[in-house]
Amino acid sequence: MSKEILEKLYFKAVNKVKAKNLIQNNISLKDNILTLVDTKYDLAKYSGLYIFSVGKASFSMAREVEKLLKDKITGGLAVCLEEKKLKYIDTFKSSHPLVTKRSFKAGNLLIEKMSSLSEKDLVLFFLSGGASAMVEKPIEGLSFKDFEKVSTAVLKSGVDIKVLNSVRKSISQIKGGKLASYTKAKCLTLVLSDVIGDDLNTIGSALMYDKKVPHYIIGNNKIALKEAKESIKNKVEKTKIITTKLNKNTKSAAKYIKEIVQKYDNNYDSFALFFAGETTTKVKANGIGGRNQELALRLLEETQFSENISILCAGSDGIDGNSNSAGAFIDKDIYSKIKKMNLDKNEYLKNCDSNTFFKKLNYDFTIKATGTNVMDFIFVLKIKRS
Ligand SMILES: O=C(O)C(=O)CO
């Protein structure tokens, strides 16, 4: 029952920031006038309209924008993770989370297409999280092998995305706004934020963020959480978005969440608490899991939650680390199951194997990739058990 409610809350949040809603809520076309958020562009003034899209939400963004703008679109490219085609926009399947040669190919394709445009063309560039790994053109002289070594080492080091992307920008010919300099076209960037505080210098390694390109944030975790909160406000005594900027390592995050839950537990009979952000962890072993399931595992350490509390920790993209799950649940029954199955939490933590742990218990949250990405969610629910 609580698992079902948590799952519903998750999909409420995620659906609000899926491409279909984002495009419908932020872009419209009437009599050749394209309205983006609050700015109007007269398409008659441009010789071509090009759509580019990069990131985990790339394909769905491009697909939805095609549905809206149809043959107004002259061309473009969606670098995506799907092997799918579109009518007006070319697609190219790249890789994530590791940079591969496909990411290099995607980088070159972007440069080739964008540099062929003139100042009379208009570009809508859709940027979502994951873009940094999906497109790349490393600085001259850096071999693929060396590039791979550097990027894999920083990826596993446990640094946050800001630091990670600063390193990525320093070894790239397209990141840190450099991609924008390859084109003469008028460019506008529409951003689905997967970074704390919607920092445009960090999202997708700021491919297009130089001074001349307006950026519009069209989706972020705040929008997602508000929708989830609204959907449950009549069913519990208290709802609260605690933070949209959680950026601690999994250990400190677990401690922080526990303290807050304890406080609410002492004061309310029922509640829904919403946390969002991105925790960090050092990957020191070869198990299966990601930061969301590791956080859930750490939440099980030391004191138990009281019996009416249940929790979901999950990535909004539907994928947690190297596992095929989005995250994991916790409820009162998990403690006795752990005991019964004689599972040693510390062993699984040490082996970075949180997914195996939750799968054994049948407490993993496994869904398909959602096609969007606004970082991670932690939903805490207190309701009477039915
Ligand atoms: O840089 C990326 O690709 C991220 O996921 C953050 O936006």
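Sequential numbering from 1 along the given sequence is applied to the chain's residues. Keep in mind that the numbers below use all heavy atoms, side chains included, and drop hydrogens, waters and symmetry copies.
Through ILVMFWY side-chain contacts below 4.5 Å, V283 is grouped with nothing and stands alone.
S336 is linked by a side-chain hydrogen bond (donor to acceptor under 3.5 Å, both in side chains) to nothing, counting only residues two or more places apart in sequence or in another chain. In this structure F305 satisfies the ring-ring contact (aromatic ring centres under 6.0 Å, His included) test with no other residue, sequence neighbours excluded. Here K137 pairs with N108 under the side-chain hydrogen bond (donor to acceptor under 3.5 Å, both in side chains) rule; sequence neighbours left out. With sequence neighbours excluded, no residue forms a ring-ring contact (aromatic ring centres under 6.0 Å, His included) with Y50. Every side-chain hydrogen bond (donor to acceptor under 3.5 Å, both in side chains) that S252 has, sequence neighbours left out, goes to N249. In this structure, the side-chain hydrogen bond (donor to acceptor under 3.5 Å, both in side chains) partners of T100, at least two apart in sequence or on a different chain, are S95. Residues satisfying the side-chain contact (heavy atoms from CB on, under 4.5 Å) test with S116, not counting sequence neighbours, are none. Checked against side-chain contact (heavy atoms from CB on, under 4.5 Å), V150 has the following partners two or more places apart in sequence or in another chain: V167, I171.
Put simply, the side chain of F125 does not reach to within 4.5 Å of the side chain of V213, judged on heavy atoms. Contact annotation: the side chain of E237 approaches that of S270 to within less than 4.5 Å [non-hydrogen atoms, C-beta and beyond].
We find that K255 and E259 are joined by a salt bridge, their nearest charged nitrogen and carboxylate oxygen being less than 4.0 Å apart. Salt bridge annotation for R298-E294: present, with a cationic side-chain nitrogen under 4.0 angstrom from a carboxylate oxygen. Looking at K382 and D265, a side-chain N of the basic residue comes within less than 4.0 Å of a carboxylate O on the acidic one, giving a salt bridge.
Between the side chain of N355 and the backbone N or O of I288 there is no donor-acceptor pair closer than 3.5 Å.
At most 12 non-hydrogen atoms from other residues, nucleotides or ligands lie less than 6.0 angstrom from NZ of K226.
Between D376 and the options K248, K245, R291, a salt bridge (charged side-chain N to carboxylate O under 4.0 Å, His left out) holds for only R291.
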Check residues 51-67 and write down every donor-acceptor pair under 3.5 Å in which the side-chain atom is one partner and the other belongs to a residue at least two apart or another chain.
residue : atom : partner : partner atom : Å
S53     : OG   : S58     : O            : 3.0
S53     : OG   : S58     : OG           : 3.3
K56     : NZ   : D317    : OD2          : 2.5
S58     : OG   : S53     : O            : 3.0
S58     : OG   : V79     : O            : 2.8
S60     : OG   : A57     : O            : 3.2
S60     : OG   : G371    : O            : 3.2
E64     : OE2  : K67     : NZ           : 3.0
E66     : OE1  : K87     : N            : 3.1
E66     : OE2  : K87     : N            : 3.1
E66     : OE2  : Y88     : N            : 2.6
E66     : OE2  : I89     : N            : 2.9

Under 3.5 Å, which donor-acceptor pairs link side chains of residues 191-204 to any protein atom two or more places apart or in another chain?
residue : atom : partner : partner atom : Å
S193    : OG   : V195    : N            : 3.3
S193    : OG   : V195    : O            : 3.3
S193    : OG   : D198    : OD1          : 2.7
D194    : OD2  : N373    : ND2          : 3.3
D198    : OD2  : N220    : ND2          : 2.8
D199    : OD1  : N201    : N            : 2.9
D199    : OD2  : T202    : OG1          : 2.7

Show me the donor-acceptor pairs within less than 3.5 Å that the side chains of residues 139-146 make with the rest of the protein, sequence neighbours left out.
residue : atom : partner : partner atom : Å
S143    : OG   : D146    : N            : 3.1
S143    : OG   : D146    : OD2          : 3.4

